[in-house]
Amino acid sequence: MATATTSSAITKDKLLWMYETMVLIRKFEEQARREQDSGRLRGTHSAIGQEAVPTGICAHLKDTDFVLGNHRSHHHCIAKGVDVNEMMAELLGKVTGTNRGKGGTMHIADITKGMLGANGVVGSNIPVATGVGLSAKTRKTDQVSVVFFGDGAAQQGSLHESINLAAIWKLPVIYVCENNRYAESTPFEYSVAGGSIANRAAGYGVPGVTVDGQNVLDMYEVGGEAVRRARAGEGPTLIEAQTYRYFGHYGADNPLGYRSKEEQDHYMSKDCIRQMRKHLTESKFATGAELDAIDKDCHTRIEAATKFGVDSPFPDLDELTTDVYIKYP
Ligand SMILES: Cc1ncc(C[n+]2csc(CCOP(=O)(O)OP(=O)(O)O)c2C)c(N)n1
């Protein structure tokens with residue numbers, strides 16, 4: 001398991017950015033759940049508990065780098081800098097949303113921020129990210145392509161084909177498996193032969209790293225090395241971030257049907273935001289008051305995003321097929 005030895009090499013600005021990003025994600029996701037409960041949003045795959053994974057990686061990325069996500073991608077989008085007003089409007093199907101209200105929670109994209117898209121088809125973005133890496137290498141840019149996927153998606157053949165190609169062509173791709181221990185209700189232990197996803201990288205001769213995905217400093221450390229390798233032309237990295245989703249797979253799914261309360265309590269006791277808050281205050285990077293001010297600001301931003309989304313209009317009926325179907329000449 002890779003661990004960060006110190007945060008002293010990280011600037012205070014970067015540490016606070018990571019704290020703020022995780023809090024903003026948490027508050028966005030809490031509001032998305034409220035929208036779901038009110039019926040304005042038909043359902044959502046909550047990433048509450050997994051905030052540290054994309055935050056630690058995206059802390060190393062520029063707007064010109066690329067991120068591709070999956071069905072549970074609000075946290076990937078926010079960590080990559082997508083505007084929360086436009087995201088909330090997208091969730092609510094409004095014309096001011098990132099995709100003009102036609103993508104919804106599972107297809108948020110913002111090309112200006114390098115967020116090439118969430119995707120509801122499990123595993124589908126893994127080969128796409130590989131092609132994005134090939135494009136960056138062919139165009140001789142220093143861009144990096146990062147794809148986030150779950151432990152369930154890691155059982156698909158496309159991951160193996162992709163890592164193989166990325167390895168032989170030394171593509172700047174980072175494969176990040178968010179191992180939250182369940183694919184819907186199927187436990188990791190039941191579905192993953194060999195007991196490790198990261199270990200599979202050895203078969204392709206590339207680094208495979210297991211990391212505590214609830215510790216943003218560990219994620220930052222591992223992400224930094226993977227991004228450095230990618231930019232230096234050394235090829236791909238497979239990261240297995242061990243994490244946990246606090247809520248059910250989707251909507252009102254009650255996870256206590258397939259996992260124990262003791263297990264939930266164990267992971268929740270290692271909450272990524274609480275850990276970071278403790279670290280920042282104990283190491284005197286920030287005072288409790290400074291962090292409270294960040295919490296309050298994130299709360300205000302999510303309230304404003306919700307108002308923006310709710311007050312925005314739905315797309316016009318005339319727009320029904322615009323940007324949906326391609327017209328061939
Ligand atoms: C190709 C495909 N098969 C099945 C589904 C239905 N489905 C949606 S999410 C999911 C589980 C995915 O689990 P994992 O990859 O571990 O991600 P997590 O939900 O844990 O974040 C499944 C089977 C789908 N959307 N696409």
Side-chain angles (χ1 to χ4, degrees), residues 22 25-26 28-29 32-33 36 41-58 67-80 103-109 115 117-130 146-163 174-198 200 210-214 219 238-260 263-264 267-268 272:
M22 293 195 296
I25 294 169
R26 176 76 51 98
F28 183 93
E29 291 293 62
R33 283 180 60 79
Q36 166 191 282
L41 170 60
R42 284 306 176 89
T44 179
H45 296 90
S46 167
I48 292 179
Q50 302 183 199
E51 295 87 346
V53 179
T55 301
I57 305 264
C58 291
V67 160
L68 295 99
N70 58 0
H71 53 285
R72 192 183 307 286
S73 251
H74 300 163
H75 56 329
H76 308 144
C77 295
I78 294 174
K80 193 64 175 65
T105 158
M106 281 194 277
H107 296 98
I108 295 172
M115 178 61 204
N119 199 316
V121 182
V122 170
S124 60
N125 263 345
I126 299 170
V128 178
T130 309
V146 180
V147 59
F148 294 96
F149 52 91
D151 42 291
Q155 310 322 312
Q156 293 195 349
S158 64
L159 177 63
H160 307 283
E161 298 161 24
S162 293
I163 298 187
I174 304 174
Y175 299 93
V176 186
C177 176
E178 285 181 270
N179 179 359
N180 61 14
R181 302 193 45 79
Y182 295 88
E184 296 197 348
S185 57
T186 305
F188 171 83
E189 285 77 10
Y190 174 83
S191 61
V192 180
S196 163
I197 290 159
R200 297 176 180 176
T210 306
V211 57
D212 179 355
Q214 290 188 286
M219 285 306 311
L238 172 62
I239 296 171
E240 177 182 346
Q242 297 187 333
T243 182
Y244 205 67
R245 59 168 157 74
Y246 291 180
F247 292 95
H249 167 69
Y250 178 77
D253 160 32
N254 177 5
L256 285 176
Y258 52 86
R259 61 189 204 191
S260 69
E263 181 184 288
Q264 269 184 205
Y267 283 99
M268 288 182 190
C272 57

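We count ligands from 1, going down the list as the structure has it; atoms in each ligand are counted the same way. The structure displayed is predicted, hence computed values, not measured ones.
The side-chain hydrogen bond (donor to acceptor under 3.5 Å, both in side chains) with Tyr244 is formed by just one residue from the set Gln50, Gln264, Arg181, Glu263; it is Glu263.
Counting heavy atoms under 4.0 Å from ligand 1, residue Tyr182 touches it through the backbone alone. Heavy atoms of His45 found under 4.0 angstrom from ligand 1: none, in either backbone or side chain.
Annotation for ligand 1: atoms under 4.0 Å from non-hydrogen atoms of Ala153 are 15 (O). Counting the atoms of ligand 1 from 1 in the order shown, those under 4.0 Å from a heavy atom of Ala183 are 13 (O), 16 (O). Per-residue contacts place Asp151 under 4.0 angstrom from the following atoms of ligand 1 (heavy atoms of the residue considered): 16 (O). Listed by atom number, the atoms of ligand 1 under 4.0 Å from Asn180 heavy atoms are 18 (P), 20 (O), 21 (O).
One side chain, Asp253 or Tyr258, offers a donor N or O that lies under 3.5 Å from an acceptor on the other. With no hydrogens or angles considered, a side-chain donor-acceptor pair links His74 and Glu29 at under 3.5 Å.
Arg72 approaches Asn180 most closely through the heavy-atom pair NE-ND2, 4.0 Å. Closest heavy-atom contact between Tyr182 and Glu184: CB-O, 3.4 Å.
Relative orientation of the His45 and Tyr250 rings is tilted, given thresholds of 30° and 60° on the angle between their planes.
Geometrically, ligand 1 and Arg245 share no nitrogen or oxygen pair separated by less than 3.5 Å. For the pair Gln156 and ligand 1, the shortest N or O to N or O distance does not fall below 3.5 Å. Ligand 1 has no nitrogen or oxygen under 3.5 angstrom from a nitrogen or oxygen of Gln50. Not one N or O of Val121 is nearer than 3.5 Å to an N or O of ligand 1, by distance alone. Taking only nitrogen or oxygen atoms, main chain and side chain alike, Arg72 reaches within less than 3.5 Å of ligand 1. Polar contact check, Gly152 against ligand 1: a nitrogen or oxygen pair lies under 3.5 Å apart.
At a threshold of 4.5 Å between non-hydrogen side-chain atoms, the residues Tyr175 and Thr130 count as touching. Within the 4.5 Å cutoff, no side-chain heavy atoms of Val122 are placed close to those of Gln155.
In terms of protein heavy-atom proximity, atom 12 (C) of ligand 1 is nearest to His71 CE1, 3.8 Å. The protein heavy-atom contact nearest to atom 25 (N) of ligand 1 is Gly120 O, 2.9 Å. In terms of protein heavy-atom proximity, atom 4 (C) of ligand 1 is closest to Val122 CG2, 4.4 Å. Regarding atom 6 (C) of ligand 1, its nearest protein heavy-atom neighbour is Glu184 OE2, 3.9 Å. Looking only at protein heavy atoms, the nearest one to atom 9 (S) of ligand 1 is His249 CE1, 3.3 Å.
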